[in-house]
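Working notes, beginning with the structure itself.
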Amino acid sequence: IQTPDLDPSLLKISKTTTPKTPLPPSKLVFGKTFTDHMLTINWNSANGWATPEIKPYAPLELDPSSTVFHYAFTLFEGMKAYRQEDGTVRLFRPDMNMARMNRSATRIALPTFDGEALTELIKKLVVLDSEWIPKEKGYSLYIRPTLIGTQNALGVGPSSDAMLFVICSPVGPYYASGFKPVQLLATTKFVRAAPGGTGGYKLGANYAPGVVPQAEAAKEGYSQNLWLLGDEHALTEVGTMNLFVAFKNPDGTVELVTPPLDDVVLPGVTRDSALQLARQHAKGELVVPGLPEKLVVSERKLIMADLVEAEKNGTLVEVFGTGTAAIVSAVDKIGYEGRDIQIPTGPEGLGNIAKGLLDRIIAIQTGEIEHPWSVIA
Ligand code: PLP
Ligand code: COI
């Protein structure tokens with residue numbers, strides 16, 4: 001039986017009567033401040049998606065037996081909205097987040113939904129709270145759509161009830177002053193994701209188990225884990241970002257490599273954007289300033305031995321991570337088997353490729369360069 005899908009035309013809005021004063025942008029810490037409103041939509045298997053509601057930001061009331069608390073029926077997205085001087089609010093590739101959210105939902109038997117409908121509802125929310133989006137360069141609104149299982153039941157099985165909610169947090173540049181390169185510990189004691197597992201989905205269950213490995217890396221002086229897989233120590237991701245490595249070839253070309261998604265890498269929106277821009281540049285369809293003239297772009301398996309060898313030969317050009325929160329983050333050191341692999345970074349703490357991609361992506365996100373990826377709310 002077909003149950004009702006999400007219907008933005010039913011949206012009910014109740015505005016806060018006690019609006020908060022947004023913090024000055026310089027005081028913002030990532031993900032600690034929330035706007036005045038939230039979006040919530042309930043679902044159950046008999047009646048489908050209920051009326052979407054935008055209401056004052058407030059605690060949720062859930063039964064302690066809710067499936068979310070026991071078996072990690074929870075998944076999320078991370079996306080950003082930008083506000084221009086004239087007040088225009090833009091989302092970046094929301095269709096990608098909606099598609100990924102639906103894939104995550106399918107993976108843990110939570111309900112799927114019409115992604116365009118949720119995008120419409122998110123637009124309503126960010127426009128209502130747009131005063132919260134700082135206009136200053138480098139600032140944006142981090143949007144956190146979340147879907148949880150809310151059935152009151154301790155049996156392990158699909159949740160007959162669910163709730164989708166969206167909260168928003170104004171955020172500043174990830175690094176306060178310039179770009180601070182990060183140090184990675186190539187981690188062999190823990191794995192983030194395995195073939196057939198859930199690493200390719202944005203499930204809450206993938207993140208809590210990464211906290212202890214990160215704390216262990218931090219104790220050794222590294223900021224993030226470089227997640228490896230298998231006996232060959234194949235590189236997969238860095239912390240909660242996708243990974244890119246650039247090598248110099250003997251023929252003068254530069255190869256920009258990112259590991260294939262397979263089943264173990266989260267299909268990042270920033271990863272896809274960086275790949276598309278770099279490929280267009282490589283084909284000569286577009287010039288992205290900062291990217292090498294002769295560029296080859298590959299999605300291929302990378303193993304730690306490739307990095308060790310490239311460091312020895314002086315052919316390691318850049319290593320960086322990509323993700324919505326920081327967009328691009330350079331890596332200057334990788335601890336591996338008792339020593340550090342040193343990686344060049346540019347004068348601003350960001351190599352030319354990382355900087356070139358970062359600048360182009362920001363220009364598109366903020367509407368400085370018109371592009372179909374940037375969607376007006
Ligand atoms: N990899 C993991 C494990 C992540 O959690 C994220 C962040 O959301 C990313 C990569 C980057 O994805 P995106 O560029 O869509 O933010
Ligand atoms: C990212 O956007 O890069 C992230 O990894 C988000 C994180 C808070 C889960």
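We count ligands from 1, going down the list as the structure has it; atoms in each ligand are counted the same way.
Looking at Tyr82 and Gln365, their side chains do bring a donor and an acceptor atom within 3.5 Å of each other.
In terms of protein heavy-atom proximity, atom 12 (O) of ligand 1 is nearest to Gly268 CA, 3.4 Å. In terms of protein heavy atoms, atom 7 (C) of ligand 1 is closest to Lys202 NZ, 3.1 Å. For atom 6 (C) of ligand 1, the nearest non-hydrogen atom of the protein is Thr240 O, 3.0 Å. Closest to atom 16 (O) of ligand 1, if we only count protein heavy atoms, is Thr324 OG1, 2.6 Å. Closest to atom 14 (O) of ligand 1, if we only count protein heavy atoms, is Thr270 OG1, 2.6 Å. When only non-hydrogen protein atoms are considered, atom 5 (O) of ligand 1 lies nearest to Tyr207 OH, 2.6 Å. If you check which protein heavy atom lies closest to atom 3 (O) of ligand 2, you get Gly323 CA, 3.3 Å. Counting only heavy atoms of the protein, atom 10 (C) of ligand 1 lies nearest to Glu237 OE1, 3.2 Å. Atom 7 (C) of ligand 2 has its closest protein heavy atom at Thr240 OG1, 4.1 Å.
The ligand atoms of ligand 2 that sit less than 4.0 angstrom from a heavy atom of Tyr142 are 6 (C). Within ligand 1, counting atoms from 1 as listed, the ones closer than 4.0 Å to a heavy atom of Thr322 are 11 (C). Ligand 2 places these atoms under 4.0 Å from at least one heavy atom of Thr324: 1 (C), 2 (O), 3 (O). Listed by number with element, the atoms of ligand 1 under 4.0 Å from a non-hydrogen atom of Arg100 are 12 (O), 13 (P), 15 (O). Those atoms of ligand 1 with a heavy atom of Arg192 less than 4.0 angstrom away are 3 (C). Residue Gly323 has at least one heavy-atom neighbour below 4.0 Å for each of these atoms of ligand 1: 11 (C), 14 (O), 16 (O).
Proximity of Glu77 to ligand 1 is not established, as no heavy-atom distance is less than 4.0 Å. Distances from ligand 1 to the non-hydrogen atoms of Met96 include no value under 4.0 Å.
Heavy-atom contacts from other residues, nucleotides or ligands closer than 6.0 Å to CG of Asp86 number more than 12. Taking a 6.0 Å sphere around CD of Glu116, one finds it holds 12 or fewer heavy atoms contributed by other residues, nucleotides or ligands.
Glu299 has a carboxylate O that lies under 4.0 Å from a charged side-chain N of Arg271, or vice versa, which qualifies the two as a salt bridge. A salt bridge links Glu255 with Arg300; the closest basic N to acidic carboxylate O contact falls under 4.0 Å. Checked for salt-bridge contact, Asp272 and Arg93 meet the test: a charged N lies under 4.0 Å from a carboxylate O. Using a cut-off of 4.0 Å between Lys/Arg side-chain N and Asp/Glu carboxylate O, Arg144 and Glu77 are scored as not salt-bridged. Glu120 has a carboxylate O that lies under 4.0 Å from a charged side-chain N of Lys123, or vice versa, which qualifies the two as a salt bridge. A salt bridge links Lys301 to Glu232: one of the charged nitrogens lies within less than 4.0 Å of a carboxylate oxygen. Salt bridge Glu237/Arg192: present, at least one basic N to carboxylate O contact under 4.0 Å. A salt bridge does not link Glu131 to Lys20: none of the charged side-chain nitrogens sits closer than 4.0 Å to a carboxylate oxygen.
The only option from Trp132, Phe30, Phe34, Tyr139 that meets the side chain to side chain contact (heavy atoms under 4.5 Å, CB included) definition with Pro170 turns out to be Trp132.
Ligand 2 has no nitrogen or oxygen under 3.5 angstrom from a nitrogen or oxygen of Arg144.
Residue contacts with ligand 1, taken as heavy atom pairs separated by less than 4.0 Å, do not involve Asn206 at all.
Distances from atom 2 (O) of ligand 2 to the heavy atoms of Ala325, Ala326, Gly210 show the closest one on Ala325.
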